[in-house]
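Below, chains carry the letters A, B, ... as their sequence lines are ordered, and counting in each starts from 1.
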Amino acid sequence: MGKLRRRYNVKGRLQATPGPSKGPPEPPPVRLELEDKDTLKGVDASNALVLPGKKKKKPKAPPPSKKEKKPLTKKERKMLQKILEQKEKKSQRAEMLQKLSQVQISEAELRLFYTASKLGTGDRMYHTREKSDKIEAQGQEKISSLSGAHRKRYRQELEEEDSESSVESESNEAPASEPVQAGAGVLPAAPGAGPGSPGPSSQHSLAGTTSAPPGVASTLARPPAKPSVFIPVNRTPEMQEERLKLPILAEEQVIMEAVAEHPIVIVCGETGSGKTTQVPQFLYEAGYSSDNSIIGITEPRRVAAVAMSQRVAKEMNLSQRVVSYQIRYEGNVTEETRIKFMTDGVLLKEIQKDFLLLRYKVVLIDEAHERSVYTDILIGLLSRIVSLRAKRHLPLKLLIMSATLRVEDFTQNQRLFPQPPPVVKVESRQFPVTVHFNKRTPLEDYSGECFRKVCKIHRMLPAGGILVFLTGQAEVHALCRRLRRAFPHTRRRPPEKDQEDSVEEMRKFKKSRTRAKKAQAATLPQISLDNYSVLPAGEGDEDREAEMDEEEEALGSDLDLDLGDEGTDGGEQPDASLPLHVLPLYSLLAPEKQAQVFQPPPEGTRLCVVATNVAETSLTIPGIKYVVDCGKVKKRHYDRVTGVSSFRVSWVSQASADQRAGRAGRMEPGHCYRLYSSAVFSDFEQFPPPEMARRPVEDLILQMKALNIEKVINFPFPTPPSVEALIAAEELLVALGALQAPQKTESMKQLQRSRLSCPITALGRTMATFPVAPRYAKMLALSRQHGCLPYAITIVAAMTVRELFEELDRPAASDEELSRLKDRRARVAQMKRIWAGQGAARKLGDIMVLLGAVGACEYSGCSPQFCEANGLRYKAMMEIRRLRGQLTTAVNTVCPEAGLFVDPKMQPPSESQVTYLRQIVVAGLGDHLARRVQSEDLLDDKWKNAYKTPLLDDPVFIHPSSVLFKELPEFVVYQEIVETTKMYMKGSQAGGWPLA
DNA sequence: CGGTGAGTT
């Protein structure tokens, strides 16, 4: 440990041996291009990222066409495509390579960010918080009172242009990135139905078209114009028997006929219908994987992709070599693979390499109702790919699978599907869930209401697990503590449980027991340990509970499962003597603790899981019979104008509430207790808004531009992002040099039009190959100098993975726990200070902490013990390790002579490297600059220690968890601003100006 | 001096 500290204590290494290499103690000045003659040999430093459109003098990469404005004829485009196909691969790589080695951070660029931000000049006219809130409330059309009308007009113009056809302009500037046709990324405005998909396909055209018995249907349904292919599957009799119980088997023929006759089919079936596991099998049997092609299925989550591939392989009695999966960091796809499960992001990346997805005959988009951004983009892209493939007489089938009937965004969207695809509805095999509404809706204390409801269920109702939905970690833990105190375990846990538990969990367990015993000894001596009808002292609920007991009579028999919500409470039912096995569940919880909810609870106890939204879709807990739904959800909100985000708790949608309720009926009939009235429920939104409409989209826009989709506003999004979000994305990407800025010479009207159709630059293409946010991709693209790449990769990986540090700030259940927590917090704070380094390194601020934490963790072998001791989340560190690996590979691919590898014993950066890294970080976060307010500005107390940013009139502050909190440098750049009690700059900051 | 839901390349 001591050794380790020395390694990552920059002071220890650099100051103990001042001048370790030839490096002078003073960091070099800003102008990198003057520093290292070797790496800059032959480089035109003036051709930095600011002039990205300029073609290189590379003889290999002649600009394909410079007579741009003139639309190309079909013939011309075909010819162009041939040329491109021949030259593209070579030239593209060469171009990227050159670009990478060429890119420098120039002082000019830094100044650009600086002046652009107009800090401290007091002359800006930006939105206040109040204004921007209002804008959001008004909806996307009205951007602001100043510019709303004209932006609206602008949007109309863009849409009009759409009808002119967007085909011509795309293929001239940037060559298609891959050997597809030149217009590959060009999405024809009106795709038309492919061959073999004629017919009046109204939404209900399939209802009652067939009455063939299930099981034989697949032999009848086969792709048209294909020789009869039927690939038999040797299922075991047990498998077959299980399978036949699934309702979707009855729909096999309907589905397969629909697929045969239509290029695009929507399958709706709630959870339990078996669509995810069965439809791929139907397609396989019908020969959709013949001719060496693949059936592709996308899932929104990695675990689902892996689990589904394993399950389907087992059901089909096939090896994982045939039924395989591919997720971000791993996969088991082979040459033999015929059914491939993958995450939606993986398929999106594949489209970048092969726009027409020629390896696939069918693509299934699963869980489309969740409307993840990748799912939405895939559907938009696939709608066009399907018609492009049809024109090539290589038809591609698209199946969209949704758990709800909310498919109007797909069927009623003319731009997406001019011919609405048919919808096949599938019954599900869920057990009935009785929903009980509260008569009244608690205004604030839904947590307390949850507690009371769980108590009642536990005391009054028959065996069966309880699942409680709350909104956040802190709430989950608080309720767990309350419930454990109310229903302590009387018997020892089985020893193997103890081993699984972490030290902390065990300690908490002991704590809660002693605490409960104390409470009983002190105030409830007369009550036996097996009687849980009375709460321990200090709960603060005694009054209410007592009140409830009196009204017990009114309740009726114990079979009446409607517990009411008006203060009635259970008496001493026999079941009430059951101990309650309380477990927390949320996404950031350590996986081994998450896994506990899948274990059967200790004998003679009732399982009670207190969860956040993870339990709504991501994790299914077995044995749940009762669901308690507080009706709230915590969501992140982005201010579209300022980019400031905040977390807000709001009502869920009706669909979410129903999804939560459904979790009670997976094994047997269940009950759902909603802690709000049916009137309130009826006011809920029907569905949650798609993510696409809620978040910044610069990463998606860059991906699309890399597919040569220039006019992103014309893209057939199922639900488009707001125009402000699109404009903000393009502006950021232009500022990063990923897109070409509109020509200033153009007329106002042209300028406005081109603002949303900026072509991608060579740098942008390079950035798009890095699987991280554009800001971070830019950092990587800039780092090929002075040996900065390994550090930049580590920094980017650490900034990408959220929540590096464990949450240690929750209130402790006891003094003993409190002191332990305090010790851990102190230890983490100390480590942070050490990792923050000395001298120049300090100016890297929290980013140096990230670098130090990752470096130290890897140096120690990344053990769970090290993470535990230093407050690091083990899972996060593993993710960073894998991401470093992936990014290292990605950089090596673009730039093989870098010869990078992931070094677990990476040395801390030298002082001069630190300076370069600060510049690199600023280049990515240049628009996230803040300046300390001048003392003469301190008219108001609210500006004490405050910073000013270009876009916000209100003060922002360095977050107290930052190592720069007390330093208050004049300038900082920040990862993000999150509004809580104040507006805090969070994530990491690199501070100080100028940067040398 | 602090309050962070769930996903993904």
Side-chain angles (χ1 to χ4, degrees), chain A residues 298-305 326-329 342-353 367 370-378 469-478 585-589 611-619 630 632-637 645-650 652 656 659 688 690-692 694-695 699-700 702-703 706 767-774 776-777 796-797 800-811 825 829 873 879 882-883 886-887 889-890 944-945 957-962 965-966 968 976 978-982 984-987:
Chain A
T298 72
E299 297 288 335
R301 282 168 291 280
R302 293 177 197 161
V303 273
Q326 178 70 52
I327 59 174
R328 179 165 191 162
Y329 303 110
M342 64 201 123
T343 37
D344 42 18
V346 166
L347 188 63
L348 189 57
K349 275 281 171 197
E350 277 187 27
I351 292 178
Q352 244 177 45
K353 298 188 193 105
E367 314 283 11
E370 287 186 22
R371 306 297 307 275
S372 88
V373 285
Y374 295 110
T375 297
D376 270 17
I377 289 199
L378 278 177
F469 282 100
L470 281 174
T471 71
Q473 267 188 60
E475 278 175 15
V476 165
H477 280 291
L585 182 67
Y586 48 86
S587 171
L588 291 175
L589 192 67
T612 61
N613 243 11
V614 255
E616 191 179 303
T617 50
S618 303
L619 297 171
C630 76
K632 302 278 188 170
V633 66
K634 188 183 283 173
K635 276 185 178 176
R636 187 175 191 146
H637 289 256
S645 60
S646 57
F647 287 85
R648 295 180 208 165
V649 173
S650 55
V652 296
S656 289
Q659 173 77 13
E691 279 295 306
M692 184 68 76
R694 304 191 66 252
R695 76 168 185 74
D699 52 342
L700 307 171
L702 180 59
Q703 295 300 312
M767 285 165 59
T769 67
F770 299 138
V772 288
Y776 304 149
V796 164
T800 298
V801 173
R802 58 170 194 169
E803 301 302 327
L804 231 60
F805 293 93
E806 225 178 297
E807 174 70 58
L808 295 175
D809 287 347
R810 56 168 166 267
R825 265 176 270 183
R873 272 182 57 234
E879 180 84 10
R882 295 196 289 180
L883 186 50
Q886 195 192 22
L887 293 177
T889 307
K944 197 182 170 201
N945 295 339
F957 299 87
I958 293 180
H959 195 270
S961 67
S962 167
F965 179 60
K966 283 177 184 159
L968 299 169
E976 58 175 354
V978 179
E979 184 174 15
T980 52
T981 53
K982 287 175 176 175
Y984 283 110
M985 296 178 278
K986 285 208 63 175

Touch class at under 4.0 angstrom, heavy-atom based, for [X] against every strand present:
X: A:Thr980; result: sugar-phosphate
X: A:Arg302; result: sugar-phosphate
X: A:Gln886; result: nothing
X: A:Arg301; result: sugar-phosphate
X: A:Thr981; result: sugar-phosphate
X: A:Val633; result: nothing
X: A:Gln473; result: sugar-phosphate

State which residues pass side chain to side chain contact (heavy atoms under 4.5 Å, CB included) with [X]; sequence neighbours excluded, sorted by chain then number.
X: A:Glu803; answer: A:Leu588, A:Arg873
X: A:Thr980; answer: A:Val978, A:Tyr984
X: A:Gln659; answer: A:Glu616, A:Thr617, A:Arg663
X: A:Lys632; answer: A:Tyr446, A:Thr471, A:Cys630, A:Val649, A:Trp651

Review point. Can A:Thr612 and A:Glu475 be said to form a side-chain contact (heavy atoms from CB on, under 4.5 Å), step by step?
Key: CA-CA 9 Å; A:Thr612 61; A:Glu475 278 175 15; over 6 Å; no
Check your understanding: Starting at the 5' end of DNA chain B, which residue's closest nucleotide do you reach first, A:Asn613 or A:Ser961?
Key ->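 With A:Asn613 and A:Ser961 compared, the 5'-side residue is A:Ser961.
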Check your understanding: What pairs with A:Asp344 under side chain to side chain donor-acceptor pair (under 3.5 Å), at least two apart in sequence or on another chain?
Key ->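 Only A:Ser372, A:Thr375 meet the side chain to side chain donor-acceptor pair (under 3.5 Å) criterion with A:Asp344.
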Point to revise | Segment of DNA chain B, first to last nucleotide, that comes within the 4.0 Å heavy-atom reach of chain A | key: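 Taking any atom under 4.0 Å from a heavy atom of chain A, the span is B:dC1 to B:dT9.
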